[in-house]
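So the structure is just underneath, and the comments pick up after that.
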Amino acid sequence: MSFILKPVDTVESITPEDFKKNYLKKKRPLIIKGLTKDWPAREKWTTEYLKEIAGELEVPLYDNSKADPSKPINAATTHMKFGEYLDLIKREPTELRIFFFNLFKKVPSLINDIKIPKDLMGGFIESMPAMFFGGSNSVTFLHYDIDLPHIFHTHFGGRKHIILFDYKWKKRLYCLPNATYALEDYKVDNPDFEKFPSLNGIEGYEVFLEHGDTLFMPTGMWHWMKYVDGSFSLSLRAWDQSISRKVASVWSLFRHGAVDSLIKMMFKEKYANYREKLAVKRAENAYAKGKL
């Protein structure tokens, strides 16, 4: 028993016509190795440079532990000076990572080091470039983004292991009700298929990003990430142009953000236990019926 994982198409460059026809419209992932070849960031962004410009900032850090039902989602494990954290991830393995960090707000000049790929598609949310940092061994749990954007995810300074699944596998992945993330009780890179049988036969993609590579992830794509080396990434987000997808994005933000947070605050561990059981039940029913 296993996942059925295949590689993601990889190109050095791509025309807007080819990208829109074969990847954007079909909602297929793609690695573009040369997208950043003329970005100053490709050579300029090192941990030493980032320490120099923002090392004194205090940043929230997260680890691989399962979410505490008594705390808000994405509650930080600890805090540290940004420069000290960068030293840590280059020096030794650590589970600690920085999540959705808008360093551009603190250092606006960084925007001059990148080029938003508007020639490939429109709808970029230029006020929300987000950075992610992780030590070797740190993991981002399996989820899809709550606002359903298209994402251009560029990696710097090392390697990153990524596993992707289409949105259609939501139930079989043990998605928690009212949430955009999966049950955290199985290891995505080495799941126990006897304990979690609905995972068997799910089709997905496996990616190893290297320095300067850009991964296009279409709207709603599930992603799990593990830092092979202490390194960091930049995500550029873009709205889908369809009205129906924009409506779905707003609804997802309301349902999976405001509503879920309110229920969680009210019922805490009881709610967490209830929806984990419901996620398992839904997954097993879908698997038994041969459905997605």
Side-chain angles (χ1 to χ4, degrees), residues 6-37 39 41 99-104 111 114-132 140-156 160 162-170 173 175 179-182 203-209 212-225 232-257:
K6 59 185 178 182
V8 171
D9 288 354
T10 301
V11 297
E12 181 64 26
S13 61
I14 191 169
T15 65
E17 294 76 19
D18 188 4
F19 175 74
K20 290 172 184 175
K21 177 182 177 182
N22 294 306
Y23 299 97
L24 181 60
K25 288 184 178 179
K26 294 182 179 180
K27 295 183 173 59
R28 293 172 56 203
L30 175 70
I31 297 172
I32 311 173
K33 296 189 76 69
L35 185 73
T36 62
K37 65 182 180 181
W39 287 20
F99 168 78
F100 213 87
F101 181 29
N102 192 342
L103 184 56
F104 293 76
I111 199 68
I114 68 172
K115 296 184 179 181
I116 297 175
K118 297 178 184 179
D119 58 325
L120 294 182
M121 65 174 294
F124 280 95
I125 312 169
E126 297 187 42
S127 63
M128 289 182 64
M131 298 189 72
F132 303 81
T140 302
F141 57 81
L142 182 63
H143 70 287
Y144 65 92
D145 281 35
I146 191 171
D147 52 343
L148 303 175
H150 298 290
I151 300 172
F152 286 79
H153 189 77
T154 299
H155 198 59
F156 297 90
K160 197 173 197 179
I162 302 176
I163 295 176
L164 306 169
F165 301 103
D166 289 330
Y167 180 82
K168 67 182 181 181
W169 296 106
K170 179 178 178 179
L173 288 169
C175 180
T180 60
Y181 51 96
E203 299 171 355
Y205 303 88
E206 187 169 31
V207 176
F208 286 89
L209 290 184
D213 290 350
T214 299
L215 171 65
F216 167 69
M217 291 184 287
T219 172
M221 179 151 278
W222 286 84
H223 45 285
W224 168 93
M225 300 182 174
F232 57 98
S233 303
L234 167 72
S235 280
L236 301 175
R237 307 156 72 79
W239 297 122
D240 190 84
Q241 295 302 296
S242 70
I243 297 299
S244 61
R245 205 58 179 164
K246 287 185 174 70
V247 171
S249 175
V250 173
W251 171 242
S252 179
L253 283 165
F254 174 71
R255 176 186 175 189
H256 301 131

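With S235 contributing its side chain and A130 its backbone, the two residues share no donor-acceptor pair below 3.5 Å. Looking only at distances, no side-chain donor or acceptor of T214 sits under 3.5 Å from a matching main-chain atom of H153. Formation of a donor-acceptor pair under 3.5 Å by the N102 side chain with backbone atoms of F104 is found in this model. For T15 (side chain) and D18 (main-chain N/O), a donor-acceptor pair under 3.5 Å exists by modelled atom type. Distance alone, capped at 3.5 Å, is enough to place a donor-acceptor pair between the T10 side chain and the V8 backbone. For S249 (side chain) and D147 (main-chain N/O), a donor-acceptor pair under 3.5 Å exists by modelled atom type. Counting only distance, with no hydrogens or angles, the side chain of H150 and the backbone of P218 share no donor-acceptor pair below 3.5 Å. Using modelled atom types, one side-chain atom of D240 and one backbone atom of S242 make a donor-acceptor pair closer than 3.5 Å.
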Requested in this report: Verify side chain to side chain contact (heavy atoms under 4.5 Å, CB included) between Y205 and M221, making sure each step is shown before the conclusion.
Outcome: CA-CA 11 Å; Y205 303 88; M221 179 151 278; 4.2 Å; yes
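Distance check: L148 CG to T219 OG1 gives 4.5 Å after rounding to the nearest 0.5 Å. Taking CG of L142 as the reference point, atom CG of L164 lies at 9.5 Å (rounded to 0.5 Å). The distance from atom CD of Q241 to atom NZ of K20, rounded to the nearest 0.5 Å, is 9.0 Å. A distance of 6.5 Å separates OG1 of T140 from CE of M225, quoted to the nearest 0.5 Å. Atom CG of L234 sits about 12.5 Å away from atom CZ of F101, to the nearest 0.5 Å. With values rounded to the nearest 0.5 angstrom, M131 atom CE is found 6.5 Å from F156 atom CZ.
By the 4.5 Å heavy-atom criterion applied to side chains, L215 and I162 are counted as neighbours. You'll find the side chain of W222 reaches within 4.5 Å of the side chain of L173, heavy atoms only. You'll find the side chain of F132 reaches within 4.5 Å of the side chain of F99, heavy atoms only. At least one side-chain heavy atom of F100 sits less than 4.5 Å from a side-chain heavy atom of M128. Looking at heavy atoms from C-beta onward, L24 lies out of side-chain contact with L120 at the 4.5 angstrom threshold. Residues I31 and P7 are not in side-chain contact: their nearest non-hydrogen atoms beyond the backbone lie 4.5 Å or more apart.
Just one of D9, D166, N22 meets the side-chain hydrogen bond (donor to acceptor under 3.5 Å, both in side chains) condition when paired with R28; it is D9. Partner H223 forms a side-chain contact (heavy atoms from CB on, under 4.5 Å) with one of V207, I163, D145 and no other, that one being D145.
Using cut-offs of 30° and 60° for the angle between ring planes, the Y144 and Y167 rings count as perpendicular. Below 30°, between 30° and 60°, or above 60°: for F216 and F152 the angle between ring planes is between 30° and 60°, a tilted geometry.
Using modelled atom types and a 3.5 Å distance limit, the side chains of K160 and S233 yield a donor-acceptor pair.
Checked against salt bridge (Lys or Arg N to Asp or Glu O under 4.0 Å), K33 has the following partners two or more places apart in sequence or in another chain: D213.
Among pairs with a residue in residues 242-251, none fulfils salt bridge (charged side-chain N to carboxylate O under 4.0 Å, His left out), at least two apart in sequence or across chains.
Between R237 and E126, none of the side-chain N atoms (NZ, or NE/NH1/NH2) sits under 4.0 Å from a carboxylate O, so this pair counts as no salt bridge.
Residues A238 and G122 come closest through the heavy atom pair CB-O, 3.8 Å.
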